[in-house]
Every structure is written in structure tokens, then in C-alpha cells.
Number of protein chains: 2
Amino acid sequence: MKQPISTTDPAAEEIKSLILDKAVDRFIRYGFGKTTMVEIAKDCGMSAGNLYRYFESKFEIGVGVAQIYISKAEQILRDVLKRPGLSPTQRLEAFVLEKLRYMHHHIIEQPNVQDLVDYILEDRWDLVERHRDVQNSLMSEILSDGNRTGEFNVSDVVHTANAIYAMTTKFRLPHFIKNVTLEGLEQEAKAVVDLMLHGLKG
Amino acid sequence: MKQPISTTDPAAEEIKSLILDKAVDRFIRYGFGKTTMVEIAKDCGMSAGNLYRYFESKFEIGVGVAQIYISKAEQILRDVLKRPGLSPTQRLEAFVLEKLRYMHHHIIEQPNVQDLVDYILEDRWDLVERHRDVQNSLMSEILSDGNRTGEFNVSDVVHTANAIYAMTTKFRLPHFIKNVTLEGLEQEAKAVVDLMLHGLKG
DNA sequence: ATATTGAATAATAAATGAAATATTTATTTT
DNA sequence: AAAATAAATATTTCATTTATTATTCAATAT
């Protein structure tokens, strides 16, 4: 088993980006399974064999594409934290809704990519965990901020961020997002956020 | 297409029960796919063709078995509502935890039946919806009771029961229950229940 | 007449082999 | 030497056949 070339070489990094760009175009149009290494290579103006100097396998190209989509989602969520003029409460709701909208958009508009990401994440639970950790870390910031302003009263922000993540699981699962309207889902998500804010006793 | 005999005939009802009993034994041991109609018929002391006087198809036998398992779950949850000496808060937590334990038990101890139920429910969304409605109706009773005692302050019990159902989705999904310990799941479920009780502002 | 059977048919799943594709390696180019 | 190719090999996929199983139905028993 031959290893790809060093990832620290800056020129190689550009070629890897090119490959991911061309691959993603194919994956969007035809899906991961229907895209061949020869096609990706041709789009990049190189031979199929040469792809293996940059990626260990077709699967690893898929991993690269999935990581791009995960990174985009994380960027959107980071932007929610930077959005000016929102109270912690509003920020928390926006956080949940933006993730829901991102998922819904890709499931509806780019089902092939969504299928690819799901397929990759089946074998790469570590990426799911890392993405969860990033989200929980961002959520912890929102909770800490709420504590600061007095809006929240959360004793263990990390523990609570985890509980919120569990509570909002449904709004990250393609199975529950397909075949229903975004509007209906948003209403349901808002109800969940409202309940987690005020509690049954409030 | 020949229809099965009338379901109001009491003798026929007993035979249908026998068929479901024998079928479930096979499904538990060998799974739905590996069980043949001839085997079920032999266990019942009849011919395969005769099964069709009682069930339209093998799939409908599966539906019958799935309904039994769903009914059992609902009975367990009804029992939680009758359990004496519990506060509404404790009842709510017990409700969520009992469903989780029932799911976990079947996923771990009887994976073949769990697979069958999942397979049937894929094509019978109506059964999922009915089961959800039953659970939400029971949860509404718990919430109303909490309002009565002053423990809860829920303005729209049905709406809130729906939100609780959404919040606890994760604890009903085989995908999230496999490969983790029941103890860990229970802790997570308790954290979710605690958060939905007190809210972030409490 | 009703219930049941067992053979006949239809549908499904498993097995096979051929074609396509991923991956490796020997060779050529830069 | 490093980079890339193109041919060689190993896997996987896909269509086709074969076998199994579900379902129907004409015949038989109750």
C-alpha cells in the first residue's frame, strides 16, 4: 500500500484542493457511486493513477468532500455566535434553526452530497464526534454568555450543551427532514427550544 | 386476490393468534427473512396455502407481530401512569426511561424482532403515527396532572407533549441505542428530562 | 357449503460469471 | 530524482441465470 505524498508540501495542497473541487462537481451531479476515478482524473487533467499520489483511495476523496461540508456547517454556526444584537436566547434558537436549515437545504437541493456525507460518516464516527464536540463547544459559549447576562442559570454548561445536543437530535437526521416541510420542522424546533428555555415548571 | 376470512369470527381469531405465536417464535430465532411460510404453517399444523385464509401475506403476519410489540410498549407506558406514589415529575422521567429500556432490551436481546418491526414500520408509517399519538396522549395526561398539582405550568399540554416527543426522539432510535451502554443512555435521558423540567432560565 | 390441501404459478432471492472500476506497479517523462 | 502515465492486477458491480419461496387455485376432505 503506497502512501500519498506529504501533505505539508504547499503545491501538493493546491492539487488536493483541485481534486476535491472536481470530485465534488461530479458527486453533486452523479453521486459518489456513479463517479469513477478516471472521470475525476480527466477533469483534473491527470491520470487516474496519479490521484493516488494525493489521496489513499476514492473513499478518502469522499472523506475530504464530507469534511468540507462539515466545515461549512461549523462556519455557519460560528457566524451565529458572531451575529450582532442577539440575546443568548435568540442566539440559541438561531443556532438550532440554522443547523436545521443547512441540513434541509442540502437534503433537498443536493441529495447526492447528503448521501455521500451519510455514507462516509457511517465509517468515520470520529468525524461525527468531532463535529458534535465543535457544536457543543459553541453551544457552551452561548450558555456561558447567557449566564453572564443573567438570562440563563446553567450550573454545568458542558453537561447542558450535551443535553441540548441530545434534545435536538431529530433536527439533524435526514430521515426526519425528508418528506416534511421546512416550515413545519422550524415550528417544531422552535417549540423544542422554547421548552428547553422555560421548562415545564416555568 | 383472495381476502382472508372475516376477522369477527371468534374461532378464526384464535387461529390468527396461533399463527402469530408460531411466527414470532420463528422470527425471534431466525429473523423475518429466513422464516418461510411453509415453516410457519408446519408449526401451526396446517398447509402454507391455508395461512392465506387468515393473513393476506407474509408481510401482514409481520404487521401482526409488530403490533403486538407496539401494544406491549404501550401497556408498559400505561402502567407507568397507574404506578402509585409517583409525582408527575417522577412519572414523566419514568415514562421516558421505561420506553428507553424497552427499546434497549429488544434491540439487545431480540435483534431479529427489532429488525422486523423496523422493516414493517418503514412501510406502515400509519402505525408509527398511531403509536406516537398514544404516547403523546399519555404524556398529556401526565402534564395535566402536573398542572393540577401545581408542579407544572403548561398552557398547551398537547403542544408540549409533542415537543417532549421530539426532544426524546434519540432515545427511541435503534441507531443511537446500539453500541452504547444502557447506563450511559439513561444518564443522558435523565439530563434531557431534567432540562425540560427546569429549563435554562430556572 | 366450508375448510383445507397440494400442485401450479408468480415473485423474490441467491448464485454465477462477465464487465466495469479501483488500485498497484513498471515504465516514461520532466 | 520527482511526477506522471499507462498497463497490469485486484475488487466491485451488474446483468443473467438458477433456485427458493410466496401466493394462487383447482381439487379433496370435512
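Just so it is clear, the model here is predicted, and its values are computed rather than measured. Naming convention: chains lettered A, B, ... in sequence-line order (proteins, then strands); numbering from 1 in each chain.
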* To do: Using a heavy-atom cut-off of under 4.0 Å over every strand shown, decide if B/Phe59 touches base, sugar-phosphate, or nothing.
  => nothing
* To do: Provide the full list of side chain to side chain donor-acceptor pair (under 3.5 Å) pairs with a residue in residues 184-196 of chain A, sequence neighbours left out, each pair given once.
  => A/Arg101-A/Glu186, A/Lys170-A/Glu188, A/Asp194-A/His198
* To do: Return the set of residues passing side-chain contact (heavy atoms from CB on, under 4.5 Å) with A/Ser137 (not counting sequence neighbours), or none when no residue passes.
  => none
* Which whole-number value in Å describes the distance from B/Arg53 CZ to D/dA22 P? -> 20 Å
* On DNA chain C, check which nucleotide each of B/Gly45 and A/Ser57 is closest to and give me the residue with the more 5' one. => B/Gly45
* Structure fact -> To the nearest angstrom, the CE-P distance between B/Met37 and C/dT5 comes to 13 Å
* Structure fact -> Sequence neighbours excluded, the answer for ring-ring contact (aromatic ring centres under 6.0 Å, His included) partners of B/Tyr30 is none
* To do: Mind calculating the distance between CD1 (B/Ile15) and P (C/dT2) to the nearest angstrom?
  => 15 Å
* To do: Return the angle between end axes of the helix from C/dA1-D/dT30 to C/dT30-D/dA1, with five pairs used per end and rounding to 10°.
  => 20°
* Structure fact -> Residue pairs passing the side chain to side chain donor-acceptor pair (under 3.5 Å) test with at least one member in residues 64-77 of chain A, sequence neighbours excluded, are A/Tyr69-A/Gln110, A/Glu74-A/His131, A/Gln75-A/Arg78, A/Gln75-A/Asp79
* To do: To the nearest Å, give me how far apart OH (A/Tyr52) and P (D/dA3) are.
  => 19 Å
* To do: Would you confirm whether A/Asp145, through its side chain, and A/Pro88, through its main-chain N or O, come within 3.5 Å as a donor-acceptor pair?
  => no
* To do: Take atom CE of A/Met46 and atom C1' of C/dT30, then tell me their distance rounded to the nearest Å.
  => 15 Å
* To do: Go through the structure and list residues passing side chain to side chain donor-acceptor pair (under 3.5 Å) with A/Glu60, not counting sequence neighbours.
  => none
* Could you state the CD1-P distance from A/Ile19 to D/dA3, rounded to the nearest angstrom? -> 13 Å
* Asked: Is it the case that more than 12 heavy atoms not belonging to B/Asp126 sit under 6.0 Å from its CG atom?
  -> yes
* If each of A/Lys34 and A/Gly49 is mapped to the nucleotide of DNA chain D with the nearest heavy atom, which maps nearer the 5' terminus, i.e. the 5' end? -> A/Gly49
* To do: Starting at atom CG of A/Asn50, determine the distance to atom C1' of C/dT23, rounded to an integer number of angstrom.
  => 13 Å
* To do: Would you mind classifying the nucleic acid contact of A/Ser47 as base, sugar-phosphate or nothing, using non-hydrogen atoms under 4.0 angstrom?
  => base
* Asked: B/Leu51 CG to D/dA22 P: how many Å, rounded?
  -> 10 Å
